[in-house]
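Reviewing the structure listed below.
These numbers come from a predicted model, not from an experiment. Residue numbers begin at 1 in each chain, while the letters A, B, ... track the order of the sequences.
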Amino acid sequence: MSGSVFTGYTGGLIWGLGGGLVIAIATLFGVWWERKVAGRIQMRLGPQTTGPFGLLQTVADMVKLLLKEDITPTQADAPVFRVAPLIVFVPIAMAVTVIPFAAGWAPLDTSVGMLFFLAVPSVSVIGILMAGWSSGNSYATLGGLRGAAQMISYELPRTLSVLSVVLLAGSLRPVEVMEAWRWWFIPLNGIGFLVYFISSVAECNRGPFDIPEAESELVAGYFADYSGIRWAIFMMSEYGGVIAASLFGAALFLGGWAWAPGLFGTAIFLLLTVVLVTAMIWIKWTFPRMRMDQLMNTAWKVLTPMALLQIAIIGVVIAWL
Amino acid sequence: MSLVYVALALFCIGLYGTLTRRDIIAVLASVEVMLGGATVLLVGLSATSNLAGVSTPPGETSGVGLVILVLAAAEASVGLALMLAVARRLNTTRIDELDEVSG
Amino acid sequence: MSISMIELVFWMIAAASLLGALTVVFTRDVTRMALGLGVFLLSVAGWFVYFSQTFLAAAQVFVYVGGVLVLVLFAIMLVHRSGAGRPALESRHTIDSIMVAVAVFVLVVSALQDVGSALTVTPLPGSPDAISAALLGPMLPHFEALGVLLLAALAAVIVISGGERS
């Protein structure tokens, strides 16, 4: 059997480790940005004393969390409880590797990249269920159950919305999708992008879809019993999910680097990503939390038909392209 | 040849579990192991063998794998739904307690 | 005797899948069983990558690890509610079953003896293009039948699991 198959994957592994590190650092600033934006929305200033504009606040928080005691509850199933945060985080960091950051370049350039981006983060549902179940706590178990139901439901409209991009570009390789991208994909694929964006917010378990961790009903849901660094990994995976979803949306729906040549294009791509991240934060701090049945109805009765409609529209239009 | 041994070992481990387990969910998981072993063997042989000088086109190798994948997913979801219905009505998931129709 | 990189990868995937399968079959803890199943299903995706079927591997992760395994965990959590202690999984007829399993292994291995010499081809990558050509070409009946099957399964699951209106 040929060795060439694996060289791509060894490369991907190295990029994956680097990507995990980058994502970990990016989430630190993501948290800072969220606190700043949330502060502004609530007529506050947000963090401002640690470093310029409070930039080092989350770094300081990280150090604090690292020094905190790492508690495993006596009721918990210890090995499963300990490994669960990593199973939530690693797939999300892996998913970032297929995103095309510059013309013709993605860290892991694979012919099934679009599917990879959707498939790999779905593994983190397992981590959420493991965390919920192994805590040996009813709140955590309920949170885990809710999280799994929600993430499985929203995977469907999310996949269908990405499918419309795949149809338009005629490829599953993200780099080729970006090369096929034209500006009029945005209006043509508007419904698809909306569905992608909403279901991505839900996939990250963020408000208004944060019922798996609803503080007022479930304490903190599936990670109620976590403390210290393991709790921090859960928070990092939430922000990592937001950043990954925004990167992917900015690249494949909004054009990313296709707007301008060279490094300038990558800068526009990152700017679009920041806009999407900000929009997600804005949504979280503006809308009230949904009820479980409303959440399920949105996924199955609104978003899925919308995504199917989008695919039908593109199926008709593509005949004239 | 080691592929055949490993895949068959997986299949037989799953077979053992299917025969011995008493809980429906464990039987279902063992059936998944059997299916997985069989799929690995099928896809592996299809990708690497040229029995009688004929090798399978790569698309069909994956296509066969996808067919099994979909079949197995449908099987698992129907099986789990049945398990939930049984657990709800009869309050047990032990297959040796479900003997209503045995003589 | 030196082991090549490819052989090393082969045996790593084999070890992971055997470990997962043995956990599913022998553990007494229902959560460990589900996690063993997870290791096994991921290792099957590893096999597909090993055979250059990357699309199949991604589909395996998506459908199995993200879908079926979550359903299994979900069912476990609904049926074996937490709190009342961890239910132990029991086994029966162990001796007879081992004999059956070993007999099947020996039987099929002896039947497949002549396959070994034919395993010489380097696997061709199962690219999305090739798969779509196959699924919409010679495998079109299978493809359509699967669509009908999935619809039937979906309807069946809804009827079976939600059909209690008293």
Side-chain angles (χ1 to χ4, degrees), chain B residues 1-6 8-17 19-23 25-26 28-30 32-33 36-37 39-40 43-45 47-51 55 57-63 65-67 69-74 76-78 80-85 87-88 93 96, chain C residues 14 17-18 21-22 24-25 33 37 40-41 44 47-48 51-53 55-56 59-60 63 67-68 71-72 75-76 78-79 89-94 97-98 100-101 104-105 108-109 112 115-116 118-121 123-126 130-131 133-135 139 142 146 149-150 153 156-157 160-161:
Chain B
M1 198 59 202
S2 35
L3 166 72
V4 177
Y5 287 129
V6 172
L8 267 175
L10 292 175
F11 180 84
C12 291
I13 291 169
L15 178 65
Y16 171 80
L19 290 175
T20 55
R21 288 300 203 180
R22 281 181 159 170
D23 200 293
I25 192 120
L28 271 173
S30 304
E32 291 298 329
V33 172
T39 317
V40 167
V43 171
L45 287 185
T48 57
S49 77
N50 60 345
L51 269 180
S55 55
E60 289 187 22
T61 303
S62 276
L66 282 175
V67 169
L69 201 77
V70 172
L71 281 174
S77 51
V78 172
L80 287 169
L82 279 171
M83 189 199 86
L84 280 183
R88 211 184 295 147
T93 54
D96 46 359
Chain C
S17 52
L18 286 171
L22 289 171
V24 170
V25 172
M33 184 206 77
L37 187 62
F40 173 77
L41 294 175
V44 171
W47 281 116
F48 293 155
F51 294 120
S52 299
Q53 312 296 323
F55 183 87
L56 198 51
Q60 166 85 10
V63 172
V68 172
L71 279 185
V72 168
I76 289 173
L78 283 177
V79 173
L89 295 171
E90 290 166 36
S91 301
R92 45 165 196 179
H93 317 313
T94 45
S97 304
I98 284 185
V100 171
V104 169
F105 184 81
V108 184
V109 162
L112 288 179
V115 167
L119 289 176
T120 48
V121 183
L124 294 164
I131 294 168
L135 280 182
M139 294 184 74
H142 309 67
L146 279 184
L149 176 97
L150 273 181
V157 168
I160 293 168
S161 63

Heavy-atom contact with chain C under 4.5 Å, split by part of B:A87
side chain
Separation of C:L149 CG from B:L71 CG (nearest 0.5 Å):
5.5 Å
For the residue pair B:A9 and C:L18, what are the closest heavy atoms and their distance?
CB-CD2, 4.1 Å
Among B:V6, B:L28, B:L69, who wins on heavy-atom pairs under 4.5 Å with chain C?
B:L69
Considering non-hydrogen atoms only, spot the tightest contact between C:Q53 and B:A47 and give its length.
NE2-CB, 4.0 Å
Top contributor to chain C interface from B:R21, B:E32, B:R22, B:M83 [non-hydrogen pairs under 4.5 Å]:
B:R21
Heavy-atom contact with chain B under 4.5 Å, split by part of C:L150:
side chain
Which atoms of B:A76 approach chain C - backbone, side chain, both or neither, heavy atom under 4.5 Å:
side chain
For B:V33 against C:A21, the heavy-atom pair lying closest together
CG1-CB, 3.7 Å
Report which part of C:L37 has an atom under 4.5 Å of a heavy atom belonging to chain B: side chain, backbone, both, or neither.
side chain
Pick from B:L82, B:L84, B:L80: which one makes a side chain to side chain contact (heavy atoms under 4.5 Å, CB included) with C:I160?
B:L82
Exercise: identify the closest heavy-atom pair between B:L19 and C:S97:
CB-OG, 3.4 Å
Side chain from CB out, backbone as N, CA, C, O: work out which of these in C:F105 comes under 4.5 Å of a heavy atom of chain B, or both, or neither.
both
The interface call for B:L15 against chain C, heavy-atom contacts under 4.5 Å, is side chain
When B:L10, B:V70, B:T39 are compared by non-hydrogen pairs under 4.5 Å with chain C, the top option
B:L10
Heavy-atom proximity to chain C below 4.5 Å, by part of B:F11
side chain
Heavy-atom distances under 4.5 Å only: say whether C:A133 touches chain B with side chain, backbone, both or neither.
neither
Any side-chain heavy atom of C:M139 within less than 4.5 Å of one from B:V67?
yes
Where B:S30 and C:V24 come nearest, the two heavy atoms and their spacing:
N-CG1, 4.1 Å
Let me know which of C:L135, C:V63, C:L146 forms a side chain to side chain contact (heavy atoms under 4.5 Å, CB included) with B:L66.
C:L135
Can you give me the closest heavy-atom contact between B:L3 and C:F51, atom names plus distance?
CD1-CZ, 3.6 Å
